[in-house]
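All remarks here apply to the structure that follows.
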Amino acid sequence: MSITFKEVEHIYAQDTPFAYHALKGVNLNIQKGSMTALIGHTGSGKSTLIQHINALLLPTSGEVNVEDILITATDKPSSLKPLRKKAGLVFQFPEYQLFEETILKDIIFGPKNFGVSEEEAISIAKKVIKLVGLDESYLERSPFDLSGGQKRRIAIAGILAMDPDILILDEPTAGLDPQGAKEMLQLFKKVNQEGKTVILVSHDMNQVLEYCDDVVVMNHGQVERHVSVEELFKETEYLTSLSIDLPIITSFILELNKNGFHIDPSIKDIDVLIQEIGGQLHE
Amino acid sequence: MNNMMFGKYLPIDSFIHRLDPRLKIGALLLLLIAVFFDAGFIGYALLGTFVIIMTLLSHIKVSQVLKAVKPMLFMMAFLMIFNLLFIQQGNLLFSIGFIKIYDQAVLQTVYIFIRLILIIIMTTILTATTKPLDLTLGIEHLLSPFKKIGFPTHEVAMMISIALRFIPTLLEETQRIMKAQASRGVEFSEGSLKEKILSIVSLIIPLFISAFQRAEDLANAMESRNYNPEAKRTRYKQLVWKLSDTISFLCVIAICIAMVIMSFVL
Amino acid sequence: MEKIINVQHLSFGYDEDTLTIDDISFSIEKGSYTTILGHNGSGKSTIAKLLMGLLEKKSGEIVIGGIPLTEETLNQVRSQIGIVFQNPDNQFIGATVRDDIAFGLENNCVDPALMDDIINEYAKKVNMYEFLDHEPTKLSGGQKQRVAIAGILAMSPSIIILDEATSMLDPKGRNEINALVHQLNKDKNMTIVSITHDIEEAALSDYVILLSDGHIVDEGQPEEVLMKKEEIESLALDIPFAYKISHGLQKMGISIAEQIDREKLVNELCRLHLKK
C-alpha cells in the first residue's frame with residue numbers, strides 16, 4: 001500500500017464568505033509502483049488532491065497515509081522533511097522555481113535540504129542531468145540562459161535528485177513541442193519501471209492511454225472513477241458527459257466500428273491498429 | 001489575506017458608491033485635515049455623527065467596519081500606552097510606583113483614539129465604495145493641473161491601475177513558488193538565520209524573474225493594441241459631476257469650517 | 001489572390017552574432033488560415049513579434065496590407081493586426097472584462113459614447129457577455145483568451161495572429177478557441193496566422209509554413225507539406241494521425257491514398273470495407 005486517502009475533505013478559507021469546498025469525501029488507494037493518471041477538468045480538485053500527498057495542504061477532515069506517514073487535520077507530522085523527500089512534487093511550469101546561479105547548485109538544493117552531503121549531492125546531480133537528456137557540461141551554466149524546455153528539464157532534475165519514492169507531476173508537458181513532450185514522458189515511464197510510484201496529472205488523453213496503467217477521474221471534488229486505462233476509455237458516454245476527449249486512436253476505432261468494422265477499442269498501438277484494419281479489409 | 005477588510009472594494013450599490021471619485025478623494029483629504037483640529041468633544045461628536053451617517057449611507061455593515069479596525073488595534077494600543085506614560089501635564093490623577101498618570105494625558109489619549117478610529121473608518125468608506133479603477137481615474141483628474149509642470153499624471157495613473165490589477169496574480173504566484181520550494185525541502189518558518197535567508201532568496205529570485213517576464217509580455221500586449229502613453233487617448237469611463245456631488249461637497253466644507261471655528265472658540 | 005502579408009529577406013537576431021531569423025521570405029493570402037509550424041526555439045514566435053513591429057528587424061522588408069512596416073507606419077500596421085499571445089494572464093490589462101475590451105478602443109481614440117455598444121457586440125460574439133463585469137482572476141484560461149480576441153475584434157483588424165494562443169489551455173479551452181477562430185475565418189473572411197506546434201491543427205489549415213532554426217524548410221498546402229515523413233520527423237514534430245494510418249495500410253498493399261484528414265480517411269476505409 002502506498003498512498004491512501006480516507007474520507008478526505010478540504011475546504012479553502014473555511015468560515016469566510018470565500019469558503020470553497022475543494023475535496024468532498026475522497027477515498028483513494030494508489031498502489032506502490034503504479035503509474036497513475038489523474039484527470040478531470042480545471043477546478044475538479046486535482047491540484048488540491050496532489051498537494052495533500054506531501055502535506056503542502058492538510059485535510060480539513062479525514063486522513064491521508066503516505067507509506068505509513070499519517071497526515072490529518074490536527075496532527076501534522078512533527079517534521080515534514082521525511083515526507084517531502086518521499087513524495088517529490090513537480091508543479092506546473094516548474095521552470096519558475098529555479099533560482100541558483102548555476103544549474104549544479106539548483107539541482108543539489110533539494111538533496112542538501114534533506115541532509116545529503118555536498119559531494120554526494122554533486123555526484124547525484126551528474127547522474128540526473130543525463131537522465132533528463134542534458135550532458136554534464138551544463139552543470140556550470142546558468143539556468144537562466146537556457147530555453148524554456150531545457151529549464152523545465154533542470155527543474156525536474158532537481159526533484160529527481162531528491163530520489164523520491166513517489167513522483168507527482170502536474171501537467172509536465174504543457175507548452176512543450178511533441179518531441180520534447182515524448183522524451184519527458186519516456187523519462188517518467190523509465191523512472192516508474194525502476195520501481196517508483198508516478199502520478200501524472202494530464203489533460204492529454206493520448207498520453208494517458210500510452211503511458212499510464214490506472215486512471216483516477218475527479219469531478220466536483222470527488223473521485224468518480226479509479227480504474228485501469230482500458231476500462232476508462234470504454235466508458236465513452238461518461239467521458240463525453242465530462243467533456244473529456246477520447247484518445248485520438250480510440251475515437252478513430254469507434255468511428256470505424258460505427259461503419260461496419262469490428263476492431264477492439266482497447267488497442268493502444270498504432271501499428272497493431274494498422275494490422276487490424278488491413279486484416280479486416282483483406283478478409 | 002482574504003480576511004482583510006481594509007482597502008477592499010465592496011461590490012454593492014449605495015448613495016456613497018454612486019458619488020464621484022474626485023469628490024470622495026477630495027472630501028477624504030479635507031476631513032483628514034479637519035480631524036486634527038482640536039475641536040473638543042463637541043467637535044468630535046459632530047464629526048463622528050457625520051462619519052456614522054456616511055457609513056450608514058454606504059451600506060457597510062458594522063461588522064465590516066470592525067474588521068477594518070481590528071488589524072490596527074495593536075498599533076493603536078501601543079500609541080496610547082506610550083501617550084499615557086509620557087505626557088506629564090495637568091493634574092496628577094494617580095501614581096503606581098514610577099508610573100504617573102495625569103488628566104491631560106488621559107484626555108490626549110482619548111483624542112488620539114477617536115482620531116485614529118475616525119481616520120480608519122473614513123478611509124475604509126472611500127476604498128469600500130470606490131472601484132480601484134475609479135480611484136485611479138479620480139487621482140489622475142485631481143492631479144491633472146500638475147500636467148502643466150511636466151508631471152506624468154497619465155503614466156502614474158496607468159501604473160497604479162496595472163499594479164492593482166496584478167496584485168492578486170502575484171500573490172498567487174508567490175504562493176505557488178513557496179509551495180514548489182517547500183516541496184524541495186525549504187521550511188519557511190523554521191531553521192537558522194542562514195537557512196532563513198536562503199529560503200527567502202529561493203522565493204524572491206523566481207518571483208522577480210516571473211514578474212519581469214510578465215512585465216515584458218504585458219508591454220508587448222499593450223503595444224500590440226496600439227497603446228502609446230504619449231499619444232492622445234479617449235477614456236471609456238467618463239466622470240460626471242452631479243448635483244448630489246455638489247451638495248455632498250458643500251456638506252463636507254460646512255463640517256470642516258465648523259471644526260475650524262470650534263477649535264478657535266473652544 | 002491578394003497577398004495581405006508579404007515578407008522579403010527578413011533577418012533578425014537578439015544579439016550581434018546569431019541570427020534567430022535568417023533571410024526568410026513568405027507571403028500570406030488574404031482570408032486564408034495559415035499555420036507557421038515549428039518546434040520550440042525554431043523562431044516562430046519571433047516572426048510574430050517582427051510582424052507586429054515589437055522587435056526591430058535587422059534587414060529585409062515586411063509589407064502588411066500594402067503598407068511597408070516602418071517606424072512611421074507602426075500605428076497603421078498595428079491597426080490591421082491583432083495578436084493573441086500564449087499566456088492568458090499576461091495580456092489582460094483591464095480590471096474587468098469590460099475595461100479590457102475598452103483598452104484598445106481608448107488607444108484608437110474611439111468616442112466614449114460609442115464604446116458600450118461596441119463592447120457589448122464583441123463580448124456577445126465571443127460568448128463572454130455575461131462576464132462583462134468579472135475580474136480576470138475569476139475567469140478560466142480559455143475565457144481570458146476569448147476576452148483577448150474580443151478586444152482585438154473590437155478594433156476591427158483584418159488579420160489575427162495566434163502566437164501559441166492555446167498551448168497553455170486545457171482541451172476544453174483549446175476547442176473553444178479553435179472553433180471561434182475557424183468561425184471568424186469563415187464568416188468575416190479574417191486572415192488567420194496561427195503559430196503552433198500542433199500538427200493536427202496545421203492539418204486543418206489552408207497553408208503551412210514549416211520553420212526550423214530560423215529558416216523556412218518547406219511551405220505549401222498541408223496535404224503536400226505534412227506528408228513528408230522524414231522531413232517532419234527530423235524537425236521534432238509529429239506526423240498527422242491519419243497519415244500514419246493511411247501510409248501504414250498502403251505499405252500493407254491496400255490501395256488507399258495517403259492523406260491527413262481523419263474524417264475523409266474514415267469515409268474511405270468504410271467505402272473499401274463495404275466493397276469487400
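Because the structure is a prediction, the values reported are computed rather than measured.
At a 4.5 Å heavy-atom cutoff, C:T96 makes no contact with chain B through either its backbone or its side chain. With a threshold of 4.5 angstrom between heavy atoms, B:S224 approaches chain C through its backbone and through its side chain. With a threshold of 4.5 angstrom between heavy atoms, C:I101 approaches chain B through N, CA, C or O but not through any side-chain atom. Proximity to chain B involves both the backbone and the side chain of C:D100, based on heavy atoms less than 4.5 angstrom apart. With a 4.5 angstrom heavy-atom cutoff, C:I83 touches chain B only via side-chain atoms. Contact annotation for B:L133: only side-chain heavy atoms (C-beta onward) come within less than 4.5 Å of a heavy atom of chain C. Looking at C:N108, the atoms closer than 4.5 Å to chain B (heavy atoms on both sides) all sit in the side chain, from C-beta outward. Only the side chain of B:R165 comes within contact range of chain C, with heavy atoms under 4.5 Å apart. Both the backbone and the side chain of B:E223 come within contact range of chain C, each with at least one heavy atom under 4.5 Å from a heavy atom of that chain. Neither the backbone nor the side chain of C:P157 comes within contact range of chain B; no heavy atoms are under 4.5 Å apart.
How far CZ of B:R214 is from CD of C:Q91: 12.0 Å, rounded to the nearest 0.5 Å. Here the CD atom belonging to C:Q76 is positioned 10.5 Å from the CG atom belonging to B:N226, to the nearest 0.5 angstrom. In this structure, CG in C:N90 is found 10.5 Å from CG in B:N220, a value given to the nearest 0.5 Å. Going from atom CD of B:E173 over to atom CG of C:D89 covers 9.0 Å, rounded to the nearest 0.5 Å. With rounding to the nearest 0.5 angstrom, the CZ atom of C:F92 is 11.5 Å from the CG atom of B:L218. Expressed to the nearest 0.5 Å, how far NZ of B:K237 lies from CE of C:M115 amounts to 11.5 Å.
Of all the listed residues (C:D111, C:L105, C:V110), the one sharing the greatest number of non-hydrogen pairs under 4.5 Å with chain B is C:V110. Among the candidates C:Q86, C:K49, C:R98, the residue making the largest number of heavy-atom pairs closer than 4.5 Å to chain B is C:R98. Options C:G82, C:G104, C:C109 differ in how many heavy-atom pairs under 4.5 Å they form with chain B, and the most are formed by C:C109. Here C:D116 is the residue among C:L74, C:D116, C:V84, C:D133 with the most heavy-atom pairs under 4.5 Å with chain B.
Taking a 6.0 Å sphere around CZ of B:F208, one finds it holds 12 or fewer heavy atoms contributed by other residues, nucleotides or ligands. For B:E172, the CD atom is loosely surrounded, since the number of other residues' heavy atoms within 6.0 Å does not exceed 12. Annotation for B:K242: atom NZ counts as buried by contact number, over 12 foreign heavy atoms lying within 6.0 Å. More than 12 heavy atoms of other shown residues, nucleotides or ligands fall within 6.0 angstrom of atom CZ in B:F151. Within 6.0 Å of the OH atom in C:Y14, the count of heavy atoms belonging to other residues, nucleotides or ligands exceeds 12. Within a 6.0 Å sphere centred on NZ of B:K147, other residues, nucleotides and ligands contribute 12 heavy atoms or fewer. Within a 6.0 Å radius of CD in C:E16, other residues, nucleotides and ligands contribute 12 heavy atoms or fewer. Within 6.0 Å of atom NZ in C:K172, 12 or fewer heavy atoms from other residues, nucleotides or ligands are found, so the atom counts as exposed in its surroundings.
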Item checked: Trace of the side chain to side chain donor-acceptor pair (under 3.5 Å) decision for C:N87 with B:D217 -> CA-CA 8 Å; C:N87 191 330; B:D217 285 358; 4.9 Å; no

Next item on the list: Evaluate the criterion side chain to side chain contact (heavy atoms under 4.5 Å, CB included) for residue pair B:M222 and C:F103; output intermediate values, then yes/no.
Entry: CA-CA 9 Å; B:M222 289 172 81; C:F103 176 76; 3.9 Å; yes

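B:Y236 is listed as a side-chain neighbour of C:I119, based on a closest heavy-atom distance under 4.5 Å.
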Return a table of donor-acceptor pairs under 3.5 angstrom between the side chains of residues 122-131 of chain C and protein atoms on other chains or two or more places apart.
none

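Judged purely by distance below 3.5 Å, without hydrogens or angles, the side chains of C:N107 and B:R233 pair a donor atom with an acceptor atom.
The two residues C:T137 and B:P168 come nearest to each other via the heavy atoms CG2-CB, 3.7 Å.
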